[in-house]
Amino acid sequence: MPPNITPFFDTTTCTISYVVYDESTGGCAIIDPVLDYEPRSGRIHTDFSDKLIDFIQRQHLSVEWILETHAHADHLSSAYYLKKKLGGRIAIGDRIPAVQTTFKKIFNLGDEFIPDGHHFNHLLADEETFHIGKLSARALFVPGHTPADMAYQIDDAIFVGDTLFMPDVGTARADFPGGNAQTLYRSIQKILAFPSQTRLFMCHDYPPDGRDPAWETTVSQQRKENIHVHDGIDEQTFIEMRNKRDATLEAPVLLLPSIQTNIRAGDLPPPENNGVSYFKIPIKTS
Ligand SMILES: [Fe+2]
């Protein structure tokens, strides 16, 4: 039986979080859940995640995994909150220590932050298989957007993370620390080599004017229609397009708080001696 896939679209960050479950056992995975954050006030809330909790409880599902495709730079993860509420194991790709090491330096984090991936319950290797109820799942290493991105194949569906976007939007940026357009192109080709009817589920959608948000396509549709990587666009052309476009993009609004939370699997920086957690802003002078 194919997985039941329920998407939840976060209108603030244009992220799609998913609940994927096996109807026969009720075992489920949550993919890329979003924690609400108000940058002007520093206030966190859980309205979006509570919708996922409500759905999971109504369907009597049992959370086995909370899967992150990567350390997101555009939204805070609610993995830590959801784990506390529902259980499950938080997993991300096994290259995450490289990302943690990079950002430990950028944010000048102290000795308390050990960049070895221990914040997550499990680090998934390329091609590693695991189960969600009776569903078979497989982790696919798809770096380029960051050096540690994973996609997750569950039956005939692949959750592509930040590699591809919907065909009329294109592909993810490759200019974050450790990102690389050539690597991203090769990761995308790995996804597009799957059978043509493979269903692809996006992590984000930024719909052009007049189109409703969407998140599901197929390999075949991407190969025909993706504006950045349809069949016939070679690696060099893609790299030039991607680098040129990335040079025009601004930093995501929630970049700094997102990274500081997501390298801790959705936990906040440790509270200071007044009991309050703080985010840092490295100030650039040039
Ligand atoms: Fe991302």
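Every value quoted in this text rests on a predicted model; they were computed, and no experiment measured them. One-based numbering, in listed order, for ligands and for the atoms of each.
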Undergrad: In this structure, is the centre-to-centre distance between the rings of Phe159 and Phe201 below 6.0 Å?
TA: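 Between Phe201 and Phe159, the centre distance is under 6.0 Å.
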Undergrad: Should the ring pair Phe238 and Tyr185 be called parallel, tilted or perpendicular, given that the plane angle runs from 0 to 90° and is split at 30 and 60?
TA: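 Taking Tyr185 first and then Phe238, their aromatic rings sit tilted (interplane angle of 30° to 60°).
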Undergrad: Partners of Pro167 by side-chain contact (heavy atoms from CB on, under 4.5 Å), sequence neighbours excluded?
TA: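 side-chain contact (heavy atoms from CB on, under 4.5 Å) list for Pro167, sorted by chain: Thr217, Gln221, Gln222, Glu225.
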Undergrad: With a 3.5 Å cut-off and sequence neighbours excluded, list the donor-acceptor pairs that the side chains of residues 87-98 form with protein atoms.
TA:
none

Undergrad: Residues two or more places apart in sequence or in another chain: which of them pass salt bridge (charged side-chain N to carboxylate O under 4.0 Å, His left out) with Asp205?
TA: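 Residues passing salt bridge (charged side-chain N to carboxylate O under 4.0 Å, His left out) with Asp205: Arg211.
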Undergrad: I'd like to verify the contacts: list protein N, O or S atoms under a distance of 2.8 Å from the Fe ion (ligand 1).
TA: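 Within the sphere that stays under 2.8 Å of the Fe ion (ligand 1), the protein atoms of type N, O or S are His70 NE2, His145 NE2, Asp162 OD2.
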Undergrad: Verify the ring-centre separation between Phe8 and Tyr18: is it less than 6.0 angstrom?
TA: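 No; Phe8 has its ring centre 6.0 Å or more from that of Tyr18.
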